[in-house]
Amino acid sequence: MKPSSGTGSSRITPRTSESRRADKKEKKAAKAANERDRRRRRNGTGRITMKSSSSAGDVEALRAQKERTRKFKRGNKAMVVLAVMLVLVFLFSSAFFVTVSQEHMYISYLLELSRTQAMRFFNFVTGAGAEGGIQFMTYRNIMVVMAGACLAASGAIYQGTFKNVLASPSTLGVMSGGSLGNIIYALLFAVTATGTVKASDAADVFNSQNLLMRNLQSFMVLIGCFAAVGVVVGITLLIGRGKFRSDYLILTGIIFSSLIGMFSSMVQYYLIESNPEDPRVDIIRNLTMGGFVNSYKLDQVLIMAAFLVPCSAILMMMSGRLDALVLGDEQARTMGINVRRAQIAAIGVNTVMTAVVIAFCGQIGFIGFIMPLAARRIVGPGFRRLIPASMLLGAVTLLVIYDIAVLTNMTGYLNVMTSGIGSIVMIIAYIKGGGAARAD
Amino acid sequence: MRTDDGLNKKKGRHLYFVCALILIVMFLISLCFRTSEPGFEPVRSASNLWAGLRIGLAELFNQPLALDKFDIIRDHDFYYETISRLKESIVTCIAGMAVCAGGAAFQTMFRNPLASPNILGISAGVNLGTIMFLYLFPTTAMGMLTRRYIYCYISAAVLVGITMLSGKIAGRRLGRFSVQDMLVVGAIISQFGNVIVMYFQFKLEDIDANLLTSYQELSMGIYVLTDLKSILIFLISMAASILPMYLIRYRMNASVLDDSEARSMGVRPDRLRAVGMVCGAVMAVTALVECGDMGIMSMAIPPVVRYLSRGADFRKVMFVSMCAGGTIMLLARSICSMIYVAGMALPINFAVSLIVLPMFVIALSKQRGVYA
């Protein structure tokens with residue numbers, strides 16, 4: 001809330017011609033400032049036109065503008081640094097990180113392995129040929145990068161659109177919807193053949209399947225995510241009698257998530273009770289722990305990129321509208337924006353992004369919750385740079401965490417890693433800096 | 001909200017009366033269900049309970065009837081089942097009441113519809129305590145369930161303590177105390193706790209799949225473990241938390257106001273908040289330990305009650321919430337006793353959510369911005 005300047009005092013004082021003139025002057029100045037502001041926003045950059053800097057207010061505005069420009073430049077620098085960091089971390093982790101069991105944790109052995117890995121990666125990049133499965137590791141790292149970027153971007157959009165830090169893919173029921181789809185897959189479609197299966201038979205089956213059948217689990221998870229968001233948004237609209245209120249959305253999302261969580265644990269309980277060795281329990285459980293165990297193929301990378309690239313492009317195009325949404329429904333409406341349509345579009349695009357990540361990589365917590373907050377502190381709240389910054393930051397962080405997981409042989413527990421590291425960092429940052437929680 | 005005129009007072013009394021009546025009726029209905037298999041037998045339950053009462057009184061006053069105890073028990077079929085059903089119903093009812101009272105208090109204190117003991121990390125703490133307990137005593141855990149209280153209390157206290165401390169430190173640094181900060185920290189910490197629980201679930205499964213099943217039974221509230229010692233602990237901690245909360249119900253209304261206004265009314269808001277939080281936390285932990293995770297109630301029932309009682313007077317909201325919580329838990333327990341999946345009763349928390357969710361949606365859709 002900004003305190004209104006001047007208008008209050010002018011109402012109290014008797015209206016002389018002088019005060020009236022002063023009022024007029026003030027109004028004029030305010031109008032000019034508004035106009036300038038709008039122009040600046042349209043330009044996007046912080047360029048200032050030095051036309052009239054006569055009154056004190058203008059000097060103040062000028063100074064603020066300069067400050068903003070300085071911050072903008074600093075944000076740009078931070079983005080460049082982040083991008084360079086991402087490239088470096090990606091190269092480093094593709095070329096040097098190898099999974100080693102704990103018995104073989106010798107420095108010399110690790111160095112030797114890393115050297116071989118680096119050679120293979122170099123060969124693969126230069127097109128000299130892939131050996132030792134290096135292509136799969138590279139694809140997996142690409143998937144990690146895309147997953148981190150997707151989650152962080154969608155977290156940023158959710159937090160901005162609903163003006164609430166608690167809004168993230170996990171609180172809005174997207175993740176639990178995914179797990180519901182996964183449960184349905186496990187119960188109805190999962191192959192639970194017992195006994196030995198010949199490798200050649202399995203290969204025949206695999207070759208006879210089409211793309212949908214191969215990725216049936218991911219497809220079901222995707223459907224589950226969409227259905228969950230539909231249900232949550234529908235209930236919210238029902239509750240708000242057609243109005244869209246963000247606190248209701250979060251409330252509904254949390255309750256929906258807890259319901260699905262209970263359902264999931266109930267299904268697991270009955271499955272284990274009937275047969276402790278049931279493979280379907282692992283199918284259900286692995287999604288909740290997150291991980292890239294099954295995502296290393298080129299077609300998965302392509303599918304994910306096919307969703308991610310258009311979605312992020314749409315989000316970037318919408319960034320101005322999203323900025324306006326932060327101001328509040330009324331103000332956004334006065335700025336000529338169809339609030340409902342913008343919100344629904346944002347939620348839709350976001351859901352697609354998150355759902356794709358959940359479908360291929362399982363639930364990965366905290367990236368969508370912390371990274372936008374961190375990015376907001378680096379580049380400020382404007383979506384035009386917040387989205388790419390959080391994408392970069394999310395990608396770098398998830399890649400680093402994944403590398404740590406690879407090194408400690410904990411890739412099966414990626415959600416534990418992200419949440420453990422993330423929550424500790426978050427709490428410390430929160431205590432130290434305070435104020436990180438403001439979403440506006 | 002002004003309720004000074006006689007008509008409103010009368011209405012309020014009617015509301016209390018109706019709520020209490022519904023609770024008692026539901027309690028009696030719940031007693032008539034069988035526990036080991038589906039069945040509804042009011043007459044048998046009544047005669048068994050009457051026999052139990054006679055035997056108990058005779059034992060208490062050293063009457064000769066106590067010598068015929070075993071003959072009487074032999075004559076009554078399913079005697080022990082009815083008695084354990086009685087214990088179960090009492091525990092379930094009080095747990096539901098406590099959870100709802102805690103939720104109402106938290107929402108009033110924090111002036112936020114998302115606030116509940118759950119979100120400070122209590123639910124995660126209880127689950128963490130349970131799983132640590134099972135992990136530390138894998139073979140003897142189910143035999144010494146009263147010790148579970150210690151682990152659950154400690155881990156819940158640790159998580160809540162971390163939440164409050166970090167919320168407070170952040171608030172002090174910023175020069176203000178904000179509920180939103182606390183909620184965010186609580187959400188982070190409870191998510192952290194949940195993930196650790198998930199990790200330990202994997203570990204438990206590696207040791208023994210049955211352990212995982214028993215963890216799920218304990219955390220979902222498939223059955224209530226009713227040995228006398230744990231019931232005593234339960235009742236004592238419930239009394240120690242519900243009574244203070246009930247005594248400060250008048251002052252709780254003042255905590256809705258600004259801190260300075262509350263102070264001018266002779267209420268110390270920070271102390272009030274501390275008492276309310278401790279009581280709410282103790283209630284929630286005790287209820288969750290005994291009946292499994294049903295924290296959704298603490299978030300969903302108070303708004304429904306505020307809608308039904310048309311106001312946010314804490315005295316009214318607390319009483320009606322308690323009655324509603326007890327009724328719904330008993331209803332859920334009865335439904336669970338009727339539905340058997342794969343030879344086992346339905347977990348109670350799932351039934352609770354199924355009952356609560358539609359009510360919550362309807363209440364919220366009719367409500368217009370009355371939160372605290």
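Quick note on labels: first sequence line is chain A, next is B, and so on, each numbered from 1. FYI, side chains are in, hydrogens and waters are out, and symmetry mates aren't considered; it's all heavy atoms of this structure.
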**Q.** Sub-4.5 Å side-chain heavy-atom contact between A:Met262 and B:Ser353
**A.** yes
Q. Of the backbone (N, CA, C, O) and the side chain (C-beta and beyond), which part of A:Phe263 lies under 4.5 Å from a heavy atom of chain B, both, or neither?
A. both
(Q) How long is the straight-line distance from CD of B:Gln216 back to CE of A:Met266, given to the nearest 0.5 Å? (A) 11.0 Å
Q. What is the minimum heavy-atom distance between A:Met289 and B:Phe202, and which atoms define it?
A. CG-CE1, 3.0 Å
Q: Side chain from CB out, backbone as N, CA, C, O: work out which of these in A:Ile272 comes under 4.5 Å of a heavy atom of chain B, or both, or neither.
A: side chain
Q) Under a 4.5 Å heavy-atom cut-off, does chain B meet the side chain of A:Ser265, its backbone, both or neither? A) both
Q: Identify the heavy atoms of A:Leu259 and B:Phe350 that sit nearest to each other, and give their distance.
A: O-CE1, 4.3 Å
**Q.** Distance (rounded to the nearest 0.5 Å) between B:Gln191 CD and A:Asn415 CG
**A.** 8.0 Å
Q. How would you list, by chain and number, every residue that makes a ring pair (Phe, Tyr, Trp, His ring centres under 6.0 Å) with B:Phe133, sequence neighbours excluded?
A. B:Phe137, B:Tyr151
**Q.** Heavy-atom proximity to chain A below 4.5 Å, by part of B:Leu357
**A.** side chain
Q: Nearest 0.5 Å please: distance from the CG atom of B:Asn194 over to the OG1 atom of A:Thr288.
A: 11.5 Å
Q: Can you measure from CD (A:Gln268) to OG1 (B:Thr213) and round to the nearest 0.5 angstrom?
A: 11.0 Å
Q.
Quick check: closest heavy atoms across A:Ser419 and B:Phe192, and the distance to 0.1 Å?
A. O-CD1, 3.8 Å
**Q.** Which atoms of B:Ile162 approach chain A - backbone, side chain, both or neither, heavy atom under 4.5 Å
**A.** neither
